[in-house]
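All remarks here apply to the structure that follows.
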Amino acid sequence: MQELPLSAGNVATITKQFESWSPQDIIAWAHGTFGADLVVTSSFGDPVLAHMTWSTVKGSTVTLIDTQYLFAQTLWYAKVLAEQTAGNLEVIAPAETVLPDDLWQRDTDACCAIRKVAPLEHALANKSAWITGLRRDDSTSRANTPLVSHDMLRDVIKVNPLANLTQSDYNKYLEIHGLNEHPLTSQGYTSIGCWPCTRPAAVDGDARSGRWAGTEKTECGLHAKATV
Ligand code: SF4
């Protein structure tokens, strides 16, 4: 694996070079480059990012944001995967003052802001980099996801090591490593977030078509557009 020094000015160059790297090499590079200044987040709708991270960098941590509205299966699945992979799972939550309420029925943007975005930004405060599980074939809005970018809103380097993997790559990874899918995947949930806002994917829709189904909303706000 090459050594690649990183600065805000060469993010675009590095993301092109990464197109020929394996996700595991990118994950190792990010840990080697940023060390404790790196946060890895997964929604645990599938096991790939967490399993790759824990397998590639022993003793590393993967963070799950528990909005208080996750499916019980997601919390269970994350804990079982962490045990099986000897990984360090960190579960973070909204501020203590945020209690279960009906905001998701009235204002999903506000609900995501306090239950997802705020805990993420708290976790990223004073950090330099963030690894996510974004993939280009998640949806048309993610089709141009770079392998590395600068998230200007949070002032962190955002690394998306799985960006160029396909669903077929995913399926092969699960098969090779004997990994179980999330319990809801077999029921048609191809992208899994909070239970009030997640439905099985539409027959003619993309993998994220069950998220906020029937509304214009497609993203929760974690993946802001202000990136270069
Ligand atoms: S996905 Fe739904 S329940 Fe979860 S934080 Fe967003 S609006 Fe709230």
Side-chain angles (χ1 to χ4, degrees), residues 39-50 61-82 89-125 127 130-143 145 151 153-154 156 158 160 162 181-203 205-227:
V39 175
V40 183
T41 60
S42 171
S43 60
F44 286 88
D46 68 72
V48 176
L49 179 64
T61 297
V62 177
T63 299
L64 168 65
I65 303 171
D66 179 0
T67 60
Q68 301 174 324
Y69 290 120
L70 295 183
F71 289 95
Q73 292 95 325
T74 300
L75 286 162
W76 171 83
Y77 183 60
K79 286 175 186 165
V80 168
L81 185 65
L89 173 67
E90 177 188 47
V91 180
I92 62 173
E96 286 182 9
T97 51
V98 177
L99 302 175
D101 58 24
D102 64 351
L103 192 53
W104 60 271
Q105 298 182 50
R106 297 180 283 111
D107 188 339
T108 51
D109 285 344
C111 186
C112 284
I114 60 171
R115 295 185 181 281
K116 287 190 174 182
V117 179
L120 171 77
E121 293 185 346
H122 186 259
L124 291 180
K127 301 290 185 182
W130 171 31
I131 289 184
T132 87
L134 289 184
R135 276 172 43 207
R136 292 172 190 154
D137 73 354
D138 285 335
S139 62
T140 50
S141 63
R142 295 184 175 182
T145 300
D151 182 332
L153 286 179
R154 288 105 184 199
V156 293
K158 184 174 177 184
N160 308 304
L162 312 184
E181 294 179 322
H182 187 292
L184 293 174
T185 303
S186 62
Q187 296 177 40
Y189 291 79
T190 50
S191 175
I192 300 168
C194 299
W195 64 260
C197 303
T198 306
R199 299 287 176 269
V203 174
D206 64 36
R208 288 179 59 80
S209 59
R211 305 291 293 276
W212 306 281
T215 77
E216 296 292 309
K217 187 174 170 73
T218 59
E219 295 283 349
C220 58
L222 295 185
H223 303 295
K225 295 285 179 223
T227 59

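Bear in mind that the values here come from a model prediction, so they are computed numbers and not experimental data. Read the numbers this way: they start at 1 and go in the same order the structure lists the ligands and their atoms. Residue numbers run from 1 in the order of the sequence given.
- Ring centers of Trp195 and Trp104: under 6.0 Å apart, within the cut-off.
- Nearest protein heavy-atom neighbour of atom 8 (Fe) of ligand 1: Cys111 SG, 2.3 Å.
- Thr145 and Asn160 share no donor-acceptor pair across their side chains, judged by distance under 3.5 Å alone.
- Here Arg135 pairs with Asp137, Gln167 under the side chain to side chain donor-acceptor pair (under 3.5 Å) rule; sequence neighbours left out.
- For residue Cys194, an N/O/S atom approaches atom 4 (Fe) of ligand 1 to within less than 2.8 Å.
- With ring centers used as reference points, Tyr189 lies under 6.0 Å from Phe71.
- In summary, the atoms of ligand 1 found under 4.0 Å from a heavy atom of Tyr69, numbered by their order in the structure, are 3 (S).
- Listed by number with element, the atoms of ligand 1 under 4.0 angstrom from any heavy atom of Arg115 are 5 (S).
- Taking a 4.0 Å cut-off on heavy atoms, Trp195 fails to register as neighbouring ligand 1.
- Backbone or side-chain N, O or S atoms of Cys112 reach atom 6 (Fe) of ligand 1 at under 2.8 Å.
- Scanning the protein for heavy atoms near atom 2 (Fe) of ligand 1, the closest one is Cys197 SG, 2.3 Å.
- Using a 4.0 Å cut-off between charged side-chain N and carboxylate O, Glu219 and Arg211 make no salt bridge.
- Checked against the 6.0 Å centroid criterion, the rings of Trp76 and His182 do not qualify as a close aromatic pair.
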